[in-house]
Asks: 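Dropping the structure in here first, questions after.
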Amino acid sequence: MKNTIARFGKFLSAMVMPNIGAFIAWGFITALFIENGWFPNAQLASIQPFMLTFLLPVLIAAQGGKMVGGDRGRVMGAIAVMGCIAGVGGTDGQPMLMGAMIMGPLAGFVIKKFDQAMDGRMPAGFEMLINNFSVGILGMVMAILGYYAIGPVMSAILAFLSAGVNLLVQHSLLPLVSIFLEPAKVLFLNNAINHGVFTPIGAEQVAEAGKSIMYMLETNPGPGLGVLVAYWLFSKDRTTKDSAPGAIIIHLFGGIHEIYFPYILMNPMVIIAPIVGNACAIFFFSIMNAGLNGPAAPGSIIAFLMMSPRDSILVSLIGVILAAAVSFVIASPIVKMAGTKNLEDAQNKMQEMKAQAKGTAAPSAAPLTDCTAVKKVIFACDAGMGSSAMGATKFRNRIKAQRPDLTITNTSVDNIPADADIVVCQQVLADRARACAPQAHLVAIGNFLADPGLDELYHTLTAEQAAPAPQTNAPQAAPESKKRTTITADCVKLGLPSVSKEDAIRAAGRLLVEQGCVDEAYIDSMLERERLVTTYMGMGIAIPHGTTAQKARVKRSGIVMLQYPDGIDFGGEKAQLVFGIAGVGDEHIDLLSNICTALEDESVLSQLKSTKDVSFVLKCLEFQD
């Protein structure tokens with residue numbers, strides 16, 4: 001039940017999260033140019049209703065359609081939601097953000113089923129005609145459905161939810177939301193609740209009143225701040241005490257609330273502190289009629305105050321301080337009475353809970369029955385960009401002499417092809433792999449470069465070597481041209497002193513920024529990717545990279561290498577080589593292949609970990625034409 005709810009919530013938030021920038025732009029226009037804004041301007045303020053009515057729903061619906069039906073689903077979702085918008089009166093009706101969350105995936109599902117039904121049945125020469133007209137006709141049908149059914153129904157639901165919120169506010173009952181909200185955050189439902197529920201209701205309230213208290217419920221950094229300060233001042237465990245100041249900075253100014261979840265998991269009774277702290281802040285915001293102009297994403301003090309109306313910044317700041325103070329007062333005695341519980345154990349527990357919340361517990365795989373029938377092996381990771389690419393390359397090089405008939409490639413864990421015979425992934429991603437490719441044999445491993453599971457798979461697949469495929473006279477397709485990613489001396493840093501894993505990832509990200517490969521926000525995405533699943537590959541190598549959701553931050557493909565001769569601690573493993581990567585499509589795959597080839601020679605690998613010669617590194621990793 002918990003996993004089902006978590007997956008549904010993650011699906012809802014995944015439609016909104018990639019479009020948060022548009023929400024922020026809409027919030028800024030509201031805050032700056034409405035009648036009581038910072039710089040009132042009726043002409044510029046007229047942009048705001050069109051963004052809320054048309055832009056935001058279309059972006060959400062297109063994202064939802066793409067998640068289900070790919071690029072054709074994206075177009076279908078955008079078409080279909082226009083019916084919902086028109087069905088409730090356009091700019092005079094309610095914002096169709098929740099309607100977009102229904103219509104987008106539904107339209108994507110329709111076109112996906114159509115494509116499946118037409119697979120292999122299209123007359124030759126009519127593919128383009130059928131593809132274009134199918135989207136047009138089915139999109140029109142979905143828009144009509146949205147106009148007469150989905151739009152009015154969702155408008156009624158939104159009106160009911162908004163009335164319920166108003167009732168809670170009027171009777172001072174809204175603070176009770178924190179009883180459910182704070183535990184839900186620790187269970188990793190925060191984005192689902194914030195962006196799946198609070199954001200649509202908040203948008204409705206902003207359209208009517210210019211601000212919404214809904215944007216303040218989950219994003220207030222005060223409750224977590226109080227918990228972290230209590231651990232900083234009163235924890236008996238030295239490691240925990242020393243880690244708290246850094247966590248405070250990341251939480252308060254970076255807006256990454258997940259940083260304080262392990263501190264609560266160490267002593268579950270501490271959850272009382274943020275519950276009461278947030279309840280007090282919500283009560284204060286209610287009586288002061290406070291609200292934000294747009295979503296504060298991420299939930300940092302900077303975003304929280306920037307999204308506050310001009311006359312309410314002080315109120316917002318007091319609410320944060322109030323939540324932090326109450327949370328601190330309650331958490332302090334609990335922390336004092338607690339023993340010296342281990343923060344690392346709590347962080348590991350958090351990772352397990354997060355994996356479960358995303359549906360990633362590793363199931364057992366059925367044994368292979370006919371190894372000669374295996375034709376396609378897929379290596380899957382969260383983003384399908386770095387670790388799986390290297391794993392696939394290394395395994396392909398290892399087995400190609402014995403099994404030239406095998407197709408071995410890589411992808412993200414949520415896009416495993418239906419014809420995959422074997423899927424290799426990290427243990428914490430196994431359930432997602434199973435859900436995406438239930439027909440495939442699953443091999444769950446610890447890392448992609450050196451794992452007993454890979455050795456066993458190799459021996460299994462080579463025990464009965466498949467006969468080479470018969471040669472035919474059929475013309476072979478020309479190989480697809482692919483832009484190659486190169487590595488230059490500016491991309492290599494040698495002899496660096498050991499730092500924390502997070503600092504090493506930031507350094508790799510900054511080097512990618514300096515090379516013009518990504519923008520600054522990609523660095524946070526790299527850190528988020530590491531929190532989801534470790535990028536340590538084995539053999540002293542780590543390959544940090546961004547999440548799938550942040551691939552739009554990549555300007556061009558690039559790879560950088562940072563050498564730490566004394567090693568970086570990656571969850572108990574030492575990494576001497578840190579490769580930061582950013583990829584547009586699969587342009588970076590060739591260079592990863594070269595890296596894997598270099599790793600095959602243990603003496604070369606050993607030299608790469610300690611060499612002071614940049615030209616040696618380039619010789620090992622550069623393309624040899």
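Only this structure's heavy atoms are used, side chains among them; waters, hydrogens and symmetry mates stay out.
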Asks: Rounded to the nearest 0.5 Å, how far does NZ of Lys394 lie from CG of Asn397?
Replies: 8.5 Å
Asks: My understanding is that only residues two or more places apart in sequence, or in another chain, count here; which of them pass salt bridge (Lys or Arg N to Asp or Glu O under 4.0 Å) with Lys376?
Replies: Asp419
Asks: What residues, two or more places apart in sequence or in another chain, satisfy ring pair (Phe, Tyr, Trp, His ring centres under 6.0 Å) together with Tyr260?
Replies: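 Checked Tyr260 against ring pair (Phe, Tyr, Trp, His ring centres under 6.0 Å); matches are His251.
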Asks: For the side chain to side chain contact (heavy atoms under 4.5 Å, CB included) test, which of Leu55, Leu52, Leu56 pairs with Phe23?
Replies: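 Only one of Leu55, Leu52, Leu56 forms a side chain to side chain contact (heavy atoms under 4.5 Å, CB included) with Phe23, namely Leu56.
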Asks: Could you measure the distance from the CD atom of Glu520 to the CG atom of Leu512? Nearest 0.5 Å is fine.
Replies: 11.0 Å
Asks: By side chain to side chain contact (heavy atoms under 4.5 Å, CB included), which residues pair with Ala433, not counting sequence neighbours?
Replies: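 Applying side chain to side chain contact (heavy atoms under 4.5 Å, CB included) to Ala433 gives Val413, Ile416, Val423, Cys425, Leu442.
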Asks: Please check if the number of heavy atoms outside Met51 that lie under 6.0 Å from its CE is greater than 12.
Replies: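 More than 12 heavy atoms, drawn from other residues, nucleotides or ligands, come within 6.0 Å of this atom.
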Asks: For Asp490, enumerate each residue passing the salt bridge (Lys or Arg N to Asp or Glu O under 4.0 Å) test, keeping only those at least two apart in sequence or located in another chain.
Replies: none
Asks: Verify the neighbour count for atom CZ of Phe109: are there more than 12 heavy atoms of other residues, nucleotides or ligands below 6.0 Å?
Replies: no
Asks: Hey, are the side chains of Ile79 and Val135 touching, using non-hydrogen atoms and a 4.5 Å cut-off?
Replies: yes
Asks: Among residues at least two apart in sequence or on other chains, which ones pass side-chain hydrogen bond (donor to acceptor under 3.5 Å, both in side chains) with Ser615?
Replies: Asp613
Asks: Does Arg72 reach the main-chain N or O of Gly108 with its side chain, forming a donor-acceptor pair under 3.5 Å?
Replies: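 Flag not set: sc Arg72 to bb Gly108 has no pair under 3.5 Å.
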Asks: Kindly say whether Ala521 contributes a backbone atom to a donor-acceptor pair with the side chain of Ser525 at under 3.5 angstrom?
Replies: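 No, the answer is negative, given that no donor and acceptor are paired below the 3.5 Å cut-off.
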Asks: Not counting sequence neighbours, which residues clear side-chain hydrogen bond (donor to acceptor under 3.5 Å, both in side chains) with Ser500? List them please.
Replies: Asp503
Asks: About how many Å separate CG of Leu181 and CG of Asn220, when rounded to the nearest 0.5 Å?
Replies: 10.0 Å
Asks: List for me each residue that meets salt bridge (Lys or Arg N to Asp or Glu O under 4.0 Å) alongside Lys112, sequence neighbours excluded, and say none if there are none.
Replies: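 Lys112 satisfies salt bridge (Lys or Arg N to Asp or Glu O under 4.0 Å) with no residue once adjacent residues are dropped.
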Asks: List the atom of Pro544, the atom of Ile505, and the distance in Å for their closest heavy-atom pair.
Replies: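 Closest heavy-atom pair between Pro544 and Ile505: CB-CG1, 3.9 Å.
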Asks: If you look at every heavy atom in Met216 and Leu292, which pair is closest and at what distance?
Replies: CG-CG, 3.6 Å
Asks: Quick one: list whatever passes side chain to side chain contact (heavy atoms under 4.5 Å, CB included) with Asp569, sequence neighbours left out.
Replies: none
Asks: Identify the heavy atoms of Cys517 and Gly558 that sit nearest to each other, and give their distance.
Replies: SG-CA, 3.7 Å
Asks: Can you name the residues that form a side chain to side chain contact (heavy atoms under 4.5 Å, CB included) with Gln563, not counting sequence neighbours?
Replies: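 Gln563 satisfies side chain to side chain contact (heavy atoms under 4.5 Å, CB included) with Leu494, Met561, Pro565, Leu577, Thr611 only.
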Asks: Among residues two or more places apart or on two chains, list those pairs meeting side chain to side chain donor-acceptor pair (under 3.5 Å) that have a residue in residues 19-33.
Replies: Thr30-Gln48
Asks: Spell out, as yes or no, whether a donor-acceptor pair under 3.5 Å connects the side chain of Glu530 to the backbone of Thr535.
Replies: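 Yes; judged by distance alone, with no hydrogens or angles, the pair exists.
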Asks: Hey, is the main chain of Gln515 close enough, under 3.5 Å, to the side chain of Arg556 for a donor-acceptor pair?
Replies: yes
Asks: Output all residues satisfying side-chain hydrogen bond (donor to acceptor under 3.5 Å, both in side chains) with Asp566, sequence neighbours left out; order by chain, then residue number.
Replies: none
Asks: Tell me if a side-chain donor or acceptor on Thr411 pairs with a main-chain N or O of Ala380 at a distance below 3.5 Å.
Replies: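 No.
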Asks: Using the side chain to side chain contact (heavy atoms under 4.5 Å, CB included) criterion, which residues pair with Arg74? Sequence neighbours excluded.
Replies: Ala62, Lys66, Asp71
